[in-house]
Protein chains: 2
Amino acid sequence: MFNRVDHIGVAVEDIDASLELYERDYGMTLVHRETVTEQGVEAVLLDVGENHIELLAATGPETPVGKFIAKKGPGMHHVAYQVDDIEATLASLKEAGLKLIDETPRIGIRNSRVAFLHPKTAGGLLTEIVQPAQVH
Amino acid sequence: MFNRVDHIGVAVEDIDASLELYERDYGMTLVHRETVTEQGVEAVLLDVGENHIELLAATGPETPVGKFIAKKGPGMHHVAYQVDDIEATLASLKEAGLKLIDETPRIGIRNSRVAFLHPKTAGGLLTEIVQPAQVH
């Protein structure tokens with residue numbers, strides 16, 4: 001069902017300060033940077049093999065990531081699995097009894113199609129399903 | 001430096017109950033099960049492409065994972081990156097100013113060699129470096 005870990009989403013207070021760790025110290029390559037206004041985040045993707053690290057900074061304190069950081073501090077925010085057919089995956093997971101945050105896919109970073117699963121039925125993890133715009 | 005995400009470590013209250021989610025609902029394949037007495041954990045590895053999910057259950061309440069679950073509940077525990085040369089990686093990270101929990105590698109699951117980085121200098125994430133016993 002899942003091809004691989006697509007990315008790990010990490011909440012950070014400041015993207016550029018965090019890039020000192022991920023680019024300079026860890027040697028990861030920055031491959032994308034995008035502000036997703038409707039979600040209130042500035043996001044960057046770094047390559048680590050075929051997986052990615054997605055750094056997420058809030059555009060304001062009242063956004064989901066802003067509230068997350070105020071409550072829990074910077075750190076792991078979500079895990080995302082890559083799939084070929086997001087509709088089929090969501091149908092299967094719904095049939096299995098999982099609670100979907102997004103009943104239908106929406107557009108995510110780099111024009112991927114994404115949907116989130118509720119942590120309550122996903123083992124305590126905010127979990128994202130990603131169908132990339134291009135297989136990569 | 002890092003070849004890929006080796007695994008995501010997930011703290012769970014009960015391994016077998018959690019396998020209903022990861023094996024049955026997510027379709028991941030269980031590939032290893034081990035009790036690491038010195039760390040006070042029962043651990044299983046599931047394949048997701050070339051990455052793994054590592055489920056961790058405490059063998060008692062006074063273990064690190066037992067304390068983690070008491071404080072934060074089940075959920076993401078750590079991220080692990082796979083490397084070819086763990087000594088060279090640790091030397092580089094130490095030179096960069098990162099705080100190492102393990103100054104020298106120790107034996108981890110499936111006879112891998114592992115070392116942890118302190119969350120304080122690793123962006124708030126408990127971070128593990130893994131050199132597998134066999135390249136896989």
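Letters go in sequence order (proteins before strands), and every chain restarts at 1.
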What part of [X] gets within 4.5 angstrom of chain A, counting heavy atoms only: side chain, backbone, both, or neither?
{"X": "L98(B)", "answer": "side chain"}
{"X": "T89(B)", "answer": "neither"}
{"X": "L117(B)", "answer": "side chain"}
{"X": "V79(B)", "answer": "both"}
{"X": "A17(B)", "answer": "neither"}

Less than 4.5 Å apart, any side-chain heavy atom of I53(B) and any of F2(A)? no
Quick check for you: among E20(B), E95(B), M28(B), which has the greatest number of heavy-atom pairs under 4.5 Å with chain A?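 Result: the option with the highest number of such pairs is M28(B).
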Is [Y] reachable from [X] through a run of I, L, V, M, F, W or Y residues, each pair having side-chain heavy atoms under 4.5 Å apart?
{"X": "I109(A)", "Y": "I8(A)", "value": "no"}
{"X": "F68(B)", "Y": "L126(B)", "value": "no"}
{"X": "L30(B)", "Y": "L55(B)", "value": "yes"}
{"X": "Y81(A)", "Y": "I86(A)", "value": "yes"}
{"X": "L19(B)", "Y": "L93(A)", "value": "yes"}

If you count heavy-atom pairs under 4.5 Å between each of K72(A), H78(A), R24(A) and chain B, which one has the most? H78(A)
Given the options P119(A), P74(A), G27(A), which has more heavy-atom pairs under 4.5 Å with chain B than any of the others? P74(A)
Nearest heavy-atom neighbours spanning R4(B) and N51(A): CB-OD1, 3.5 Å
Determine the minimum heavy-atom distance between A122(B) and Y22(A), stating which atoms define it. O-OH, 4.4 Å
Checking V5(A) against chain B: side chain, backbone, both or neither under 4.5 Å from a heavy atom? both
Which value, rounded to the nearest 0.5 Å, describes the distance between M76(A) atom CE and L125(B) atom CG?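 It comes to 4.5 Å.
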One should read off an interatomic distance between T127(A) OG1 and L21(B) CG, to the nearest 0.5 angstrom, of 8.0 Å
